[in-house]
Amino acid sequence: MTGGLDPTSGSPRIVVLAGGVGGSKFVVGVREAARRRWPDAAGGTRAEITVIANTGDDLWLSGLRLQPDVDSIIYALAGVNDTERGWGRAGESERVAAELHAWGSGWPWFTLGDLDLGAHIARTGWLRDGVSVTEVVDRLASRWPLGVRLLPMTDAEVDTHVTTAEGRMHFQEWWTRHRAALPAQGFDSRGIAQSAPAPGVVDALATADVILFAPSNPVVSLGPILAVPGIADAVRAAPGAVVGVSPIIAGAPVRGMADACLAAVGVPTTADGVGRHYGPRSAGGLLDVWLIAEEDASLADGLEAGGLRAPVRPLWMRDLDSAAALATAALDSTAALDSIALGAHQRS
């Protein structure tokens, strides 16, 4: 193997599937790891990083189109995100939201900051003008030098709804208002079976040296991406390695209520349960490598026996360095290094 580890040569193509706060942190870590390993002369990286963002939790509210995961990724990469709340812009005010609530508009338990509303208004105006979702995301992302190409999973509206004993509701209502306390009976991204990957998504997967599954919610963040017809097949057929990072540590979600989502689809809230949910590509699944936490080291042998390489690494992303270290661990897995090296060699 030659070329993959040499920081002075090559421009690896890295694709990340991401959604949610964990996905945003991981994407920032991937960018930082790439800057350190493959630096360019301008303080960035020679690596080509494409992020495919979940749009399954998008929604219309007060006449505005919201894309929570897209915006979280943009704000995190731009360094303007609110790290305390984990969502929205830093230094927010909420005067407009208070006025909307005074008029009885929107959801009183779903507060939008004034700066965030600026993005929603711009997005909605462009969509009303007939601009595609892909172009809208590109316009929003162009405000800051993000260092990645950001693509929505699809240009179609495929908002996720949850079925509970109290009825059907938008995912955001179940997640934010009820904090996933109502047992979910199922999830439905309406229209997703008729949707298509956004322009550039399949090509990015087909030419990637490595594909990374961020430690995002497997059901409502990465699940909708993989449910868009053609995306899972493109992952299975990709020439590069596919490496996932467990969002479960010691039987609990790293963040959020992924356990409530996993229970609804019959998947145990364990690192090996989620790994088997994705499955090894060698048996028709999606992954070659599944990184699990040191706390779950005892699960590695069982995963390996089932066809998934399962390196044990620190998975907590507490700051930029630990996020970059996690991304480096994913890129350093044997399958990933082999595919990066092979891709660099073929393009040289």
Side-chain angles (χ1 to χ4, degrees), residues 12 14-34 37 49-54 69 72-73 76 148 205 208-223 225-226 235 238 240-256 258-259 261-262 267-281 285-297 299-300 303-304 308-337 339-340:
I14 302 167
V15 174
V16 188
L17 276 58
V21 176
S24 299
K25 287 184 176 181
F26 184 70
V27 167
V28 173
V30 170
R31 182 185 62 180
E32 181 63 20
R37 175 161 293 183
I49 305 171
T50 299
V51 178
I52 301 171
N54 172 46
D69 282 3
S72 291
I73 291 171
V148 310
L205 294 168
D209 295 315
V210 61
I211 298 169
L212 303 176
F213 283 22
S216 301
N217 189 308
V219 181
V220 295
S221 291
L222 297 196
I225 299 176
L226 295 165
V235 171
V242 186
V243 181
V245 179
S246 174
I248 306 298
I249 297 178
V254 172
R255 185 182 178 92
D259 49 344
C261 301
L262 290 166
V267 176
T269 305
T270 60
D272 57 340
V274 176
R276 293 188 178 98
H277 170 68
Y278 289 129
R281 284 208 290 177
L286 295 164
L287 297 174
D288 301 311
V289 180
W290 181 237
L291 268 65
I292 62 174
E294 296 165 309
E295 296 88 335
D296 293 313
L299 305 176
L303 286 163
E304 299 259 358
L308 272 178
R309 289 200 61 253
V312 176
R313 300 289 185 270
L315 298 192
W316 292 104
M317 295 184 289
R318 295 185 172 89
D319 52 26
L320 180 60
D321 283 340
S322 56
L326 176 56
T328 298
L331 294 169
D332 277 353
S333 63
T334 300
L337 285 176
S339 60
I340 290 170

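What you see below is based on every heavy atom in this structure, not just the backbone, and it leaves out hydrogens, waters and symmetry mates. Sequential numbering from 1 along the given sequence is applied to the chain's residues.
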ask   = Under 3.5 Å, is there a donor-acceptor pair between the side chain of D69 and the main chain of G20?
value =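 Here the side-chain-to-backbone pair exists.
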How close do [X] and [Y] get, counting heavy atoms only, and between which atoms?
{"X": "S333", "Y": "A330", "result": "OG-O, 3.0 Å"}
{"X": "G19", "Y": "L222", "result": "N-CD2, 4.5 Å"}
{"X": "A214", "Y": "G23", "result": "CB-CA, 3.9 Å"}
{"X": "A310", "Y": "A300", "result": "O-CB, 3.8 Å"}
{"X": "V27", "Y": "A18", "result": "CG2-CB, 3.9 Å"}
{"X": "V15", "Y": "A208", "result": "CG2-CB, 3.6 Å"}

Who passes side-chain contact (heavy atoms from CB on, under 4.5 Å) against [X], sequence neighbours left out?
{"X": "V21", "value": "K25, R255"}
{"X": "S24", "value": "S72, I73, A76"}
{"X": "T269", "value": "I248, P253, D259, L262"}
{"X": "A271", "value": "S246, I292, D296, L299"}

query = Can you list every side chain to side chain donor-acceptor pair (under 3.5 Å) pair that touches residues 272-281, not counting sequence neighbours?
reply = T270-D272, D272-R276, R281-D288
Exercise answer: donor-acceptor pairs, residues 311-318 side-chain atoms, under 3.5 Å, sequence neighbours excluded:
residue, atom, partner, partner atom, Å
W316, NE1, E295, OE2, 3.2

query = To the nearest 0.5 Å, what is the distance between CZ (R309) and CG (L287)?
reply =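 R309 atom CZ to L287 atom CG measures 12.5 Å (nearest 0.5 Å).
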ask   = Nearest 0.5 Å, what's the CZ-OG1 distance between R37 and T328?
value = 6.0 Å
Could you tell me if the side chain of [Y] sits less than 4.5 Å from the side chain of [X], heavy atoms only?
{"X": "V245", "Y": "L212", "value": "no"}
{"X": "V274", "Y": "F213", "value": "no"}
{"X": "L205", "Y": "L17", "value": "yes"}

ask   = Between I14 and V148, does a side chain to side chain contact (heavy atoms under 4.5 Å, CB included) hold up when you go through it step by step?
value = CA-CA 10 Å; I14 302 167; V148 310; over 6 Å; no
inquiry  = Tell me every residue that passes salt bridge (charged side-chain N to carboxylate O under 4.0 Å, His left out) with D321, counting only those two or more places apart in sequence or in another chain.
reply    = R36
Side chain to side chain donor-acceptor pair (under 3.5 Å) involving N217 - partner list, sequence neighbours excluded =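 None.
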Listed partners of T50 passing side chain to side chain donor-acceptor pair (under 3.5 Å), at least two apart =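 T50: side chain to side chain donor-acceptor pair (under 3.5 Å) contacts with R149.
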Evaluation steps, side chain to side chain contact (heavy atoms under 4.5 Å, CB included), between V267 and V219 = CA-CA 10 Å; V267 176; V219 181; over 6 Å; no
